[in-house]
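Letters A, B, ... are given to chains in the order of the sequence lines, protein chains preceding strands, and every chain is numbered from 1. The figures that follow rest on heavy atoms only: side chains count, while hydrogens, waters and symmetry mates do not.
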Number of protein chains: 2
Amino acid sequence: MKRLKIKEVLAGGEVGQQVLVKGWVRTKRGSKNVNFIALNDGSTINNLQVVADVEKFGEALLRDINTSAALGITGELVESMGSGQSVELVASEITIYGKSDPEKYPIQPKKHSLEFLRENAHLRFRTATFSAVFRIRHAMAFAIHKYFNDKGFYYLHTPIVTASDAEGAGQMFRVSTLPAIDPPLNEAGEVDYTQDFFGRATNLTVSGQLEGELGATALGEVYTFGPTFRAENSNTTRHLAEFWMIEPEMAFYELKDNMDLAEEFLKYLIKYALENCMDDLKFLSNRLEQEEKNKPQDQRSMELIEKLQFVLENDFVRCTYTEAIEILRNSKPYKKGKFQFPVEWGIDLQSEHERYLVEKHFNKPVILIDYPKDIKAFYMKQNDDGKTVAAMDVLFPQIGEIIGGSERESNYDKLVKRMEEMDVPTDEMWWYLDTRRYGTVPHAGFGLGFERFILFVTGMGNIRDVIAFPRTPKNAEF
Amino acid sequence: MKRLKIKEVLAGGEVGQQVLVKGWVRTKRGSKNVNFIALNDGSTINNLQVVADVEKFGEALLRDINTSAALGITGELVESMGSGQSVELVASEITIYGKSDPEKYPIQPKKHSLEFLRENAHLRFRTATFSAVFRIRHAMAFAIHKYFNDKGFYYLHTPIVTASDAEGAGQMFRVSTLPAIDPPLNEAGEVDYTQDFFGRATNLTVSGQLEGELGATALGEVYTFGPTFRAENSNTTRHLAEFWMIEPEMAFYELKDNMDLAEEFLKYLIKYALENCMDDLKFLSNRLEQEEKNKPQDQRSMELIEKLQFVLENDFVRCTYTEAIEILRNSKPYKKGKFQFPVEWGIDLQSEHERYLVEKHFNKPVILIDYPKDIKAFYMKQNDDGKTVAAMDVLFPQIGEIIGGSERESNYDKLVKRMEEMDVPTDEMWWYLDTRRYGTVPHAGFGLGFERFILFVTGMGNIRDVIAFPRTPKNAEF
């Protein structure tokens, strides 16, 4: 008999149908005569209730059916009497593939802390919460590829190991095969990287953008979706040393086109989640509601699905940085001294400022543009005012900045001048400058941190809980 | 006016229609009265022929229109008189976004060697050959995600930085933030990695499989698609230090299910290429035919599209390693001493052997199974004969092994014993062994090297030409 996934059985199984299912036990409860086994195979958050007659299977076999045991079960579907599902399965045959000793199995059917589950990240996929998170993560990754493919963008794999250090010197991981003790030195007494594997000093990439621009200025519209790295000693709920980024880059796009794309893209993803992941979202919404009960009323977050619909249904407000500073300085919290950080033209906005703009002032997602050039990267297009650049940050409720991007400086002379001002080595970047030497075009792009986006969609609170095996300071387990 | 992509114009543009296109000049040729500009925007291998009246635009402007200059052109579509396309564009307005000095631009409209283009990898996207390769690479990446998503697999991002060295100690890249000179040492005089960023020695991953198994034994069916690394000093046309792998891993799959999946998967991808990339494939087929003309007749490869259809239309032969050894020892080349490498039970098959089986003996793609355990990894399921494991390699014409996989050993005791025999540290792998301790299941999976597959589909000869910015010994440019 062909095995069916539990998702298929629950969606389309008919009373009287003979089926074979395979999966892991979530819970078992029983009476003298009958055992009820909640079976899950990862295909859905919902368990299939299996009814096993004690006399038929014998107590010895049923004693081995504990949480996380792996079973294959054949039987007949009957109308469900109370499991909340349409059908349940009356077992006629049970195969135990693998037992799970209830005295030793770490994840018992009770509430565990997220910290404990993080230490058991290899098993947390077996919980309802994490299976929901990782199904949604998958759905969002697929939706990203589908969105760009349907629009004629090309997926570009930019390099992970790179010699380019244009963006974050000092916060990068060194990649080397030289001896860790007593590496070869050159005459100046420095490590002789000409003897290293790549013949030069290499690091893990912090962004694929610069290489993305090389692709965009020939293929038109490209995107990256790959791992990026920061060797920052940040032990927060928002930072990972290894995380995945999506970076579209488009030739012939100006700042407005970039904003339009970012808004359309985020709405597409959220719509996709609402259309394809509702069971998991509902579960996570309930989970969040339980968590929030411990918080004072005014600190509780918006209900998860409502929050997603809020983004979907609102036009994103577009506002310049200069206007935003005005708004903030005229705000109640500013006047009452409630902001922790100062507000004046030239500062980098803090999360409290971004959230005020999104959640209190506009009550809509916001795209801030035209930031002071001194707080932004060298490659951003310089505006005519001489003070600002054509940057854009997309700000979301609760999370603040979710996307950062810009139109790129396409003028060779202006770009070189800015690189020199900011001590970016123009000689090492000959290949980047070539795009402005030969057939330069207006172009733009942005970056979306995948895990921060998944935090937003799942309502989880710690970024370590939305990536399978988080890498953070002092942690590279699994 | 809304800009159209050249692909749209060539596919659906109507005579008399006013259009705006933007792109880069591939070639320009002209007479006294009229210039013909071949414009390409990356959306298709085909150029749009633009007709520019010399008197209307003036010689000064037209002089700036050279190979790789970036243009925006408005005009009216007319019936094409000979460019091989249905329509061409009579320009009414031309905007030059960026010039390209023909004295300096490295890639002139003539045949360059692939070596030269590799040194100019930042500009090679602008050539017909490489734009075709990278469009096909995109299409294959998308098809991979679509195939797995449609089948209910979940995409799992397994870690890039890892402390696990179960598979290839000595061939890994070290990842560290410790000082490169005089790192802290422990009492034993070794580097004190407890002071490193992750608090332990870390490397770049060689495979996501082990972590994939953690996902599969809860979510059911998962796949990875991410970068993997080998610090092998191999300067060949088949090796990269950084390459992308696809590794599906499926709970409740036995070896036969694994073979069925691999065959269906490869055929799906090739069918997708034939249905979606025919223009690019035809171009690459012609390119290959030109290249092959210099080779003696008997060394020429199969025509590209024919080769793809060969895979699509044949059932893959399934054959044990032991049978394959028999076949090889009874073969003409063996008897005539034509094989370079020895053939006897226990050897690892060489490319010459694999190609004989596929191209001469069976004349079909081949899946070889049940390899000697001593030439395969510790995690493969041990067969009852005590000598072989449930491994499978998929062999293709020309390229040899394209997929390697196995059913995994699901029995805890057998697995531990094999790990001990092979000096794999069982204590460091506690998390891997937990999958066999708690609810173990038969499961299987395989790995596809993405670049080797792209070599096969594009007919390119050097793996450095199918990844955007290749990383190889002494090379990490761009």
Side-chain angles (χ1 to χ4, degrees), chain A residues 22 24 41-43 68-70 97-98 100 105 122 125-126 131 134-135 138 141-142 145 149 152 154-157 159-161 163 173-177 180-181 183 191 197-200 202 211 214-215 218-220 227 231 242 244 252 431 434 438-441 468-469 471 473-474 476 478, chain B residues 22 24 41-43 68-70 97-98 100 105 122 125-126 131 134-135 138 141-142 145 149 152 154-157 159-161 163 173-177 180-181 183 191 197-200 202 211 214-215 218-220 227 231 242 244 252 431 434 438-441 468-469 471 473-474 476 478:
Chain A
K22 298 178 179 183
W24 294 267
D41 64 5
S43 64
S68 223
Y97 290 107
S100 178
Y105 182 61
H122 63 308
F125 301 110
R126 301 183 184 193
S131 71
F134 288 103
R135 274 190 297 268
H138 160 77
F142 183 70
H145 287 296
N149 183 68
Y154 303 112
Y155 182 26
L156 191 68
H157 288 122
I160 312 302
V161 175
F173 290 101
R174 187 173 67 251
V175 174
S176 177
T177 58
I181 299 180
V191 174
F197 187 90
F198 294 109
R200 60 204 295 178
T202 49
E211 289 91 354
L214 305 178
L219 297 169
E242 172 181 316
W244 288 67
F252 303 110
W431 45 270
D434 268 5
Y438 307 116
T440 189
V441 289
F469 303 103
R471 268 56 183 128
K474 302 298 173 202
F478 310 108
Chain B
K22 298 178 179 183
W24 294 268
D41 64 5
S43 64
S68 223
Y97 290 107
S100 178
Y105 182 61
H122 63 308
F125 301 109
R126 301 183 184 193
S131 70
F134 288 104
R135 275 189 297 268
H138 160 77
F142 182 70
H145 287 297
N149 182 69
Y154 303 112
Y155 182 26
L156 191 68
H157 287 122
I160 312 303
V161 175
F173 290 101
R174 187 174 65 251
V175 174
S176 178
T177 58
I181 299 180
V191 174
F197 187 91
F198 293 110
R200 60 205 293 177
T202 50
E211 289 92 353
L214 306 179
L219 298 169
E242 173 181 316
W244 288 68
F252 304 109
W431 45 270
D434 269 4
Y438 307 116
T440 190
V441 290
F469 303 102
R471 268 56 183 129
K474 303 299 171 200
F478 310 109

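- Aromatic pair F173(B)/F173(A): ring centres not closer than 6.0 Å.
- Partners of D434(A) according to the side chain to side chain donor-acceptor pair (under 3.5 Å) rule, which considers only residues two or more places apart in sequence or in another chain, are R437(A), H122(B).
- Interface remark: of the candidates F469(B), Y97(B), W244(B), W244(B) forms the most heavy-atom pairs closer than 4.5 Å to chain A.
- Heavy atoms of F197(B) lying under 4.5 Å from chain A belong to its backbone as well as its side chain.
- Residue A69(B) touches chain A through its backbone alone, counting heavy-atom pairs closer than 4.5 Å.
- Of the atoms belonging to P473(A), heavy atoms from both backbone and side chain fall under 4.5 Å from chain B.
- Heavy-atom minimum distance, G42(A) versus Y154(B): O-OH, 3.2 Å.
- Interface remark: of the candidates P227(B), A180(B), G152(B), A70(B), A180(B) forms the most heavy-atom pairs closer than 4.5 Å to chain A.
- Take Y438(A) and apply the ring pair (Phe, Tyr, Trp, His ring centres under 6.0 Å) test, not counting sequence neighbours, and it matches Y105(B).
- Both the backbone and the side chain of R471(B) come within less than 4.5 Å of a heavy atom in chain A.
- Contact annotation for S176(B): both backbone and side-chain heavy atoms come within less than 4.5 Å of a heavy atom of chain A.
- Highest contact tally toward chain B, considering only A141(A), P159(A), G215(A), G199(A), is held by P159(A) [criterion: heavy-atom pairs under 4.5 Å].
- R135(A) touches chain B through backbone and side chain together, each having a heavy atom under 4.5 Å away.
- Per-residue counts of heavy-atom pairs under 4.5 Å with chain A were compared for A476(B), G98(B), G439(B), S43(B); the largest is that of G439(B).
- Between W431(B) and F478(A), the angle of the ring planes goes over 60°, which puts this pair in the perpendicular group of the 30/60° scheme.
- Here the OH-CZ distance, from Y155(A) to F134(B), works out to 13.5 Å after rounding to the nearest 0.5 Å.
- Using a 4.5 Å cut-off between heavy atoms, N149(B) contacts chain A through both its backbone and its side chain.
- Heavy-atom distances place the side chain of L156(A), and not its backbone, under 4.5 Å from chain B.
- Contact of E242(B) with chain A is made through the side chain alone, with heavy-atom distances under 4.5 Å.
- Comparing R126(A), H157(A), K22(A) by how many heavy-atom pairs each has under 4.5 Å with chain B, the most go to H157(A).
- Contact annotation for W24(B): only side-chain heavy atoms (C-beta onward) come within less than 4.5 Å of a heavy atom of chain A.
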